[in-house]
Enquirer: 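Next up is a structure, given as structure tokens.
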Amino acid sequence: MNAKTICVAVLATLLLAPGVHAHKRWFEPSKTVLNVGQWVTVDAASSTDPFIRDHNALPLDNLVVTGPDGNAVTPVNLFKGRLRSSFDLELVQAGTYRIAWVNEGITAVWEENGQRRVWPPRGTPFTPEGFGREVPANADKLRVIQMLGRLETFVTAGKPNDIALKPVGRGLELQPITGFNDLYVGEPATFRLLLDGKPAVDLEVVVIADGIRYRNSVDEIRAKTDEHGRFTLDWPKPGFYWLSATVTDDRGTPPATERRVNYAAVVEVLTP
Amino acid sequence: MSAMYRRIFQVVLCALTVDSAHAAALEVSVQIPQLSVAEYHRPYVAMWIERPDRSVVANLAVWYQQKRGGGSAEAAGAGAPEGGTKWLPDLRQWWRRSGRALALPVDGVTGATRPVGTHVLRFVQGHPPLGELTPGRYRLLVEAVREEGGREVLELPFEWPVAAPTELKVDGQSELDSVKLSLAP
């Protein structure tokens, strides 16, 4: 539960080639369709396969929970174990809650005398002053990479609403066309991906169902967004699904020259 | 009450009874099966009428565990959160189609869970909870879910109104025995 862990995670992802993720971050709520006044508990971790508690707990400092009226809801009973974190939410208001884990950072990578250099070091935040001081202006093979990561899940008490789902307008976000808490086997679901609030066109979405331990392959489902950022999924079975997309572009905040935007969402599909 | 008023009251009462006996109506008969299980809890049951597009026309009945003691959560004691409305989302289809948007309880619709046996409910055209059912194609849905048990949803498509008395039937496999729908013109 500290900035250090976040930076380690960011760094680990950064140093890998684009498109390759060692570990997937995930949430797993106890339920997603509930009644007003109920409690929900959410597990959070990162691991090679989503929903498998075998790697690291997710730090909970950068958790952002938005209630059905658009106001922040404070999660309680925050716990960080070795393999997973968890927290509880009391669903006092009717409507849809957006549970997000938001992660941002800038890292500079360059070479000096044949040695790979990274700044800021683990556990230290990026500052423009520090960057000016520590990173040589003429650094060899300099890359300044901005990370924008967002992990989300959604739960609804009573009747769903969409106030909490209003786009933030930064990075990748998922918008419902089919309601996030209205997903059933046998009913195709359509969502929309936004990048900085605008349709994310022609983007690949990777979908993984839970229960990986009980089958011999990950069985990823792939979809592509259309010109409106929309994509449609057919759910092969009920359960939790992890959806993710990544964009690499040059729209980083200066001095960043590259930007890596990650998004992952967890939704629950029920039997009709 | 004067003799005249009493007479008028009797006439009105009689007229109402006659009207309701002759009005188009539908009768739903639901059989809750006897199950040989170690721990039996009465099922939660919802029955409602849908249009072909799955929008709900009328909720006919919803049976769920009432809070113990029938009073406030405080009066019901420590077990209170387990009763009442907590498990209603488990009536998954009903919850999705209308339950989640309702303010509960609903007068004349919601009530306590029922025991094993056949339960017959009659709904009259023009009267709540059925209301005025306009001519068209509909579906009766009966959903049952039981703690320590399973869930079952049965559907009976029907046309309304009917020219002659009509009886429709569907048999459940697990949580419900037969569900019958009798339509009167």
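No hydrogens, no waters, no symmetry mates; every other heavy atom, side chains included, goes into these values. Only a predicted model underlies this, so the values are computations on that prediction, with no experimental measurement involved. To find a chain, count down the sequence lines: A is the first, B the second, and so on, and within it residues start at 1.
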Enquirer: Looking only at heavy atoms, which two atoms of A/Lys159 and B/Ala101 are closest? And how far apart?
Expert: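 Nearest heavy atoms, A/Lys159 then B/Ala101: CD-CB, 3.7 Å.
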
Enquirer: Flag yes if more than 12 heavy atoms outside A/Arg215 fall under 6.0 Å of its CZ atom; otherwise flag no.
Expert: yes

Enquirer: Specify the closest pair of heavy atoms between B/Arg96 and A/Asp182, including all atoms of both residues, with the distance to one decimal.
Expert: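 Looking at all heavy atoms of both residues, the shortest contact is NE-OD1, 3.4 Å.
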
Enquirer: Does the side chain of A/Tyr184 reach to within under 4.5 Å of the side chain of B/Gln93, using non-hydrogen atoms?
Expert: yes

Enquirer: Test of understanding: with side chain to side chain donor-acceptor pair (under 3.5 Å), list the residues that count as partners of B/Gln34, not counting sequence neighbours.
Expert: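 B/Gln34 satisfies side chain to side chain donor-acceptor pair (under 3.5 Å) with no other residue.
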
Enquirer: At what distance, to the nearest 0.5 angstrom, does CH2 of B/Trp87 lie from CD of A/Gln38?
Expert: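 With rounding to 0.5 Å, CH2 (B/Trp87) is 7.0 Å from CD (A/Gln38).
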
Enquirer: When you look at CD of B/Glu132, are more than 12 heavy atoms from neighbouring residues, nucleotides or ligands closer to it than 6.0 Å?
Expert: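 Yes, enclosed.
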
Enquirer: Hey, does B/Pro89 have a side-chain heavy atom less than 4.5 Å from the side chain of A/Lys31?
Expert: no

Enquirer: Just by distance, no angles: are the side chains of B/Arg100 and A/Thr156 close enough, under 3.5 Å, to form a donor-acceptor pair?
Expert: no

Enquirer: Please indicate whether B/Asp53 has more than 12 foreign heavy atoms, meaning atoms of other residues, nucleotides or ligands, lying under 6.0 Å from its CG.
Expert: yes

Enquirer: Can you tell me if A/Asn35 uses its side chain to pair, donor with acceptor, with the backbone of B/Lys86 under 3.5 Å?
Expert: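 Checked: no pair found.
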
Enquirer: Let me check something: any side-chain donor-acceptor pairs from residues 227-239 of chain A under 3.5 Å, sequence neighbours excluded? List them with distances.
Expert:
residue  : atom : partner  : partner atom : Å
A/Arg230 : NE   : A/Asp226 : OD2          : 3.3
A/Arg230 : NH2  : A/Asp226 : OD2          : 3.4
A/Thr232 : OG1  : A/Thr190 : OG1          : 2.9

